[in-house]
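Throughout, residue positions are numbered sequentially from 1 according to the sequence presented.
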Amino acid sequence: MNILLVEDEPKVADFIRKGLKEQLYNVEVAYDGLFGEKLALENEYDLVILDLILPGISGLELCRQIRRYKADLPILMLTALGSTKDKVTGLEAGADDYLVKPFHFEELLARVKALSRRRLLVFPSIVHKVADLEVDGYKRIARRSGKEISLTAKEFSLLELLIVNKNRVLSRTYIAETVWGINYDRGTNLIDVYINYLRAKIDKGFSHSLIHTVIGMGYVLKEET
Ligand code: CA
C-alpha cells in the first residue's frame, strides 16, 4: 500500500514514516503543501496523511484540491488543534478521518488500517488481476485461467487482501488483523494453514505459483518474472 504523508515537521514526519515502513507500507513524504499537492495529483496512492498547518498551501486547501480530482482517495488529517470546530472544518473539506497531535503511533496505525479497509469495502467492484488470476471483490468470484475457483469466505478475504496488495509482502500480523480482526499470536499457525488452503486452490496444478513465502517476513502474491 502506498501512502503519501504531507507533514512539515521533520521529526513528526520521520516518526510516522519509520513506523509505517516497519509495517511494510510504502511512504513518500512531502514537507510542504505545494509539493504534497503535486505528488497527490500526479501519483497513485492508497491513502494520504495530511497535516493541517503547512507551508505553501494549508492542509485544508490541499484536502479540497485532492477531493476535486480524486474523490475516492482516503485522507487522514493530522492537527495539533483539537477543537470540534477544526474537526468539522477538516471533515467538511473532505477528510475521511481526523487525528489530534500528539498521538501514539498505534492510534495512527489503527486509523490507517481502518481507512484502507473502508476503501476495500467502498470500491469492491474492481476486478484485480495478477497473471491469469482474476479476483472480483464485488461478485466474490476468483478465476484462474478463466476457470472459477471455489473459496470459503475467509479464503476469499485472504486472497482479496493479497491481490489488492500484489507485489507487496504482507506480514502475518497484518494479515491476522485485516482478515480476522485479531492480534497475531506467534504461537498460532492459522495464517500459514489458510495460505496452504489457498495455494491448493490457486496454485496447485499450474506451472507458475503466484503465492510466495518470504522467509522471516510473510507472504506476497506476485507473478514471478
Ligand atoms: Ca504543521
Side-chain angles (χ1 to χ4, degrees), residues 1-126 137 161 164-165 168 170-171 173-174 177-179 181 183:
M1 197 167 114
N2 295 314
I3 296 178
L4 171 64
L5 170 63
V6 190
E7 165 63 80
D8 58 312
E9 288 165 66
K11 272 189 183 167
V12 178
D14 218 42
F15 161 74
I16 296 173
R17 188 183 54 80
K18 279 186 183 156
L20 289 174
K21 280 208 116 153
E22 275 171 25
Q23 299 289 324
L24 307 175
Y25 291 99
N26 293 320
V27 184
E28 262 187 281
V29 185
Y31 294 97
D32 68 75
L34 284 171
F35 189 55
E37 181 183 33
K38 182 176 151 63
L39 289 180
L41 300 183
E42 283 179 2
N43 301 332
E44 287 301 318
Y45 297 101
D46 302 292
L47 175 74
V48 179
I49 301 173
L50 195 52
D51 188 29
L52 183 60
I53 298 169
L54 292 166
I57 60 172
S58 77
L60 279 181
E61 185 49 36
L62 178 49
C63 188
R64 288 194 192 97
Q65 279 294 103
I66 294 171
R67 272 293 159 268
R68 203 165 293 152
Y69 298 101
K70 299 191 172 182
D72 59 340
L73 177 58
I75 300 173
L76 173 63
M77 200 81 122
L78 303 178
T79 182
L81 312 169
S83 79
T84 312
K85 183 175 167 290
D86 289 315
K87 178 172 174 167
V88 170
T89 313
L91 296 177
E92 276 174 358
D96 296 283
D97 205 351
Y98 204 84
L99 193 58
V100 177
K101 292 182 192 172
F103 51 80
H104 289 289
F105 181 75
E106 284 66 31
E107 289 179 71
L108 176 81
L109 189 60
R111 306 291 175 99
V112 166
K113 285 179 180 167
L115 284 173
S116 45
R117 268 198 293 272
R118 199 186 304 168
R119 187 171 167 84
L120 285 184
L121 296 175
V122 174
F123 304 98
S125 60
I126 304 158
L161 182 71
V164 165
N165 292 284
R168 179 182 161 223
L170 302 179
S171 68
T173 308
Y174 181 77
E177 284 175 357
T178 312
V179 176
N183 284 324

Distance in Å, Ile53 CD1 paired with Leu78 CG, rounded so as to fall on 0.5 Å steps:
11.5 Å

Atom pair CG (Leu5) and CD1 (Ile16), whose distance is rounded to the nearest 0.5 Å:
5.0 Å

In short, Gly94 meets Ile75 closest at the heavy-atom pair O-CD1, 4.3 Å

Strictly distance-based, threshold 3.5 Å: is any side-chain N or O of Lys101 a donor or acceptor partner for the main-chain N or O of Asp51?
no

Ignoring hydrogens and geometry, is there a side-chain-to-backbone donor-acceptor pair from Glu107 to His104 under 3.5 Å?
yes

Would you call Leu54 and Val6 a side-chain contact if the rule is heavy atoms closer than 4.5 Å?
yes

Result for side-chain contact (heavy atoms from CB on, under 4.5 Å) between Leu62 and one of Leu52, Leu50, Leu41 points to Leu50

Would you name the heavy atoms of Leu24 and Ser171 that are closest together and state the gap between them?
CD1-N, 3.8 Å

I need the Leu4 CG to Glu37 CD distance, nearest 0.5 Å.
11.5 Å

Minimum heavy-atom separation for Leu20 to Phe105, with atom names?
N-CZ, 3.5 Å

Contact between Arg64 and Arg67 at the side-chain level, heavy atoms closer than 4.5 Å - yes or no?
no

Taking atom CG of Asp46 and atom CG of Asn165, what is their separation to the nearest 0.5 Å?
7.5 Å

What residue among Val112, Leu170, Val164, Asn26 forms side-chain contact (heavy atoms from CB on, under 4.5 Å) with Met1?
Val112

If you take all heavy atoms of Pro10 and Tyr31, which pair is closest and at what distance?
CA-CE2, 4.1 Å

At what distance, to the nearest 0.5 angstrom, does NZ of Lys38 lie from CG of Asp32?
11.5 Å

Can you name the closest pair of heavy atoms from Ala95 and Cys63 and give their distance?
N-SG, 3.5 Å

Working note: Asp14 + Arg17, criterion salt bridge (Lys or Arg N to Asp or Glu O under 4.0 Å); need CA distance, chi angles, decisive distance, verdict.
CA-CA 5 Å; Asp14 218 42; Arg17 188 183 54 80; 3.0 Å; yes

Exam field: side chain Asp96 to backbone Leu76, donor-acceptor pair closer than 3.5 Å:
no

May I ask you to decide if Glu9's main-chain N or O and Glu7's side chain share a donor-acceptor pair within less than 3.5 Å?
yes

How about Tyr45 and Lys70: do any of their side-chain heavy atoms sit closer than 4.5 Å?
no

Quick one: is the NZ or CZ of Arg168 closer than 6.0 Å to the six-membered ring centre of Tyr174, and within 45° of its axis?
yes

Closest approach of Leu108 and Phe103, non-hydrogen atoms and distance?
CB-CE1, 3.8 Å

